[in-house]
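Down below is the structure, laid out as structure tokens.
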Amino acid sequence: MLAAVSAPAYRRMLAALEPVTLTYGQVLYEPADRIRYVYFPVDCLVSLLTAIDRRRNLEVGMVGNEGMVGMPLALGIGTSAVRALVQGSGTAMRMTAADFRSEFNNNAPLQRALFRYTHLLMAQVSQTAACNRFHKAEARLARWLLMTGDRLHRDAFRLTHEFLAHMLGIRRVGVTRAAGDLERRKLIDYSRGNIRILNRKGLETAACTCYRIVRNLQDIAQA
């Protein structure tokens with residue numbers, strides 16, 4: 001996201017940006033929380049979750065270094081509608097809400113980059129909603145692993161059955177069955193919460209069409 005901003009605009013933003021380390025499982029916002037900071041992921045990954053009931057949440061989007069966490073501020077809204085949960089540990093650049101508003105109002109390149117990203121995020125959220133309704137767990141898991149790998153820029157990451165169940169909105173036994181199917185086909189290796197993608201092309205074949213739809217939109221927007 002920051003690389004999409006012109007060099008002069010980025011240099012001006014540096015005074016208000018601070019590097020932070022985000023850790024797996026850290027909650028950045030809860031629904032209805034006031035957004036005090038926006039985050040530009042560098043090599044971390046943040047999941048956006050919506051509440052199903054008092055105990056369950058479902059992932060509706062994920063944000064890597066292609067985007068920003070705290071998008072409502074770009075639309076003039078100061079509270080979060082979702083839980084923002086760190087899915088992959090790493091670093092991010094953080095800016096206070098006040099500094100972001102000031103910078104956004106006076107930085108046309110940042111506005112253009114965030115408007116493009118708003119379109120991509122809306123497409124991802126709507127496609128994820130359709131995916132969760134119509135596609136089988138194995139195809140959804142394959143899609144989700146590919147999207148995670150794309151945003152973390154690596155093929156190995158740590159994810160527990162419980163975490164995956166929350167992300168996909170299925171029971172842990174469903175995660176076990178879907179991961180086992182992918183593992184038997186030698187597409188992934190999954191041991192004690194550690195997942196490694198072994199065959200990316202094969203995993204793309206196993207994934208539902210939602211992965212390629214969202215990926216193509218992102219490629220077009222970044223072209």
Side-chain angles (χ1 to χ4, degrees), residues 1-4 17-31 33 35 37-50 56-71 80 82-95 117 120-121 123-125 127-128 131-132 137 140-170 172 175-176 178-179 182-183 187-200 203-204 206-207 210-211 214-215 218-219 222:
M1 170 60 69
L2 292 177
L17 288 166
E18 63 170 329
V20 292
T21 299
L22 304 182
T23 57
Y24 176 80
Q26 180 180 351
V27 176
L28 304 181
Y29 323 124
E30 292 283 6
D33 275 359
I35 299 175
Y37 296 95
V38 297
Y39 299 84
F40 297 91
V42 177
D43 57 3
C44 62
L45 181 61
V46 178
S47 289
L48 308 178
L49 302 119
T50 190
R56 295 179 298 169
N57 293 280
L58 177 66
E59 184 184 75
V60 293
M62 58 173 70
V63 185
N65 65 1
E66 82 289 352
M68 183 187 85
V69 184
M71 281 303 299
S80 177
V82 297
R83 169 184 281 187
L85 176 71
V86 179
Q87 175 187 312
S89 299
T91 56
M93 301 297 284
R94 184 174 77 173
M95 181 184 289
Y117 179 65
L120 289 175
L121 187 59
Q124 183 192 150
V125 169
Q127 197 68 42
T128 299
C131 185
N132 288 336
R140 288 161 55 197
L141 176 59
R143 183 263 305 169
W144 193 88
L145 292 174
L146 288 165
M147 291 179 67
T148 297
D150 288 347
R151 285 155 181 77
L152 288 176
H153 301 285
R154 59 178 185 263
D155 287 334
F157 25 86
R158 179 165 180 78
L159 296 165
T160 65
H161 273 55
E162 183 177 5
F163 194 88
L164 282 170
H166 282 300
M167 296 302 104
L168 298 173
I170 59 178
R172 290 179 60 181
V175 173
T176 300
L182 296 177
E183 195 165 25
L187 302 179
I188 66 169
D189 178 66
Y190 191 16
S191 177
R192 298 181 180 179
N194 294 301
I195 292 183
R196 180 180 294 276
I197 297 174
L198 302 177
N199 182 343
R200 186 173 184 85
L203 198 61
E204 288 186 18
C210 298
Y211 170 71
V214 174
R215 180 65 185 265
Q218 184 172 334
D219 290 343
Q222 294 177 343

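What you see is a predicted model, and the numbers here were worked out from it, not measured in a lab.
Using a 4.5 Å heavy-atom cutoff, the side chains of V42 and L2 are not in contact. You'll find the side chain of V82 stays beyond 4.5 Å of the side chain of Y29, heavy atoms only. No side-chain heavy atom of V46 sits less than 4.5 Å from a side-chain heavy atom of Q87. Here the side chains of M167 and M62 are not in contact, with every heavy-atom distance at 4.5 Å or above. Looking at heavy atoms from C-beta onward, L182 lies in side-chain contact with L141 at the 4.5 angstrom threshold. Side chains of L22 and S89 form no contact here, defined as non-hydrogen atoms less than 4.5 Å apart.
Summarising the geometry of P41 relative to G67, their closest heavy-atom pair is CD-O, 3.5 Å, with the distance given to 0.1 Å. Residue H166 comes nearest to L49 through the heavy atom pair O-CD2, 4.4 Å, listed as atom of the first residue, atom of the second, then distance. Considering every non-hydrogen atom in both M68 and Y117, the closest pair reads N-CE2, 3.6 Å. When all heavy atoms of A206 and L187 are compared, the pair lying nearest together is CB-CD1, 3.9 Å. For the pair A84 and V69, the tightest heavy-atom approach, listed with the atom from each and the gap, is CB-CG1, 4.0 Å. Here the closest heavy-atom approach between residue C210 and residue C131 is recorded as SG-CB, 3.5 Å.
Judged as a side-chain contact (heavy atoms from CB on, under 4.5 Å), and not counting sequence neighbours, the contacts of D43 are T91. H161 is linked by a side-chain contact (heavy atoms from CB on, under 4.5 Å) to R172, V175, T176, Y190, counting only residues two or more places apart in sequence or in another chain. With sequence neighbours left out, A137 forms a side-chain contact (heavy atoms from CB on, under 4.5 Å) with I170, A178. With sequence neighbours left out, R200 forms a salt bridge (Lys or Arg N to Asp or Glu O under 4.0 Å) with D150, D155, E204. A search for side-chain contact (heavy atoms from CB on, under 4.5 Å) contacts involving T128 returns Q124, N132, R143, not counting sequence neighbours. Y24 pairs by the ring-ring contact (aromatic ring centres under 6.0 Å, His included) definition with F163, not counting sequence neighbours. Annotation: salt bridge (Lys or Arg N to Asp or Glu O under 4.0 Å) contacts of E162 (sequence neighbours excluded): none. Take Q127 and apply the side-chain hydrogen bond (donor to acceptor under 3.5 Å, both in side chains) test, not counting sequence neighbours, and it matches no residue.
The CE atom of M95 lies 5.5 Å from the CZ atom of F40; values are rounded to the nearest 0.5 Å. Atom NE2 of H153 is separated from atom OG1 of T148 by 12.0 Å, given to the nearest 0.5 angstrom. Between the CG atom in N65 and the CG atom in L45 there is a gap of 9.5 Å [rounded to 0.5 Å]. Between atom CG of residue L28 and atom OH of residue Y39 there is a gap of 5.0 Å, rounded to the nearest 0.5 Å. Annotation: the span from M93 atom CE to L17 atom CG amounts to 4.5 Å, rounded to 0.5 Å. A distance of 5.5 Å separates CG in L203 from CD1 in I197, rounded to the nearest 0.5 Å.
Under a 3.5 Å cut-off, the side chain of Y211 and the backbone N or O of L145 do not form any donor-acceptor pair.
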Working for side-chain contact (heavy atoms from CB on, under 4.5 Å), residues W144 and L164: CA-CA 9 Å; W144 193 88; L164 282 170; 3.3 Å; yes

Candidate pair E183 and D189, rule side-chain contact (heavy atoms from CB on, under 4.5 Å), full reasoning: CA-CA 6 Å; E183 195 165 25; D189 178 66; 3.6 Å; yes

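Screening residues 59-71 for salt bridge (Lys or Arg N to Asp or Glu O under 4.0 Å) gives E66-R151 as the qualifying pairs, with residues at least two apart or on separate chains.
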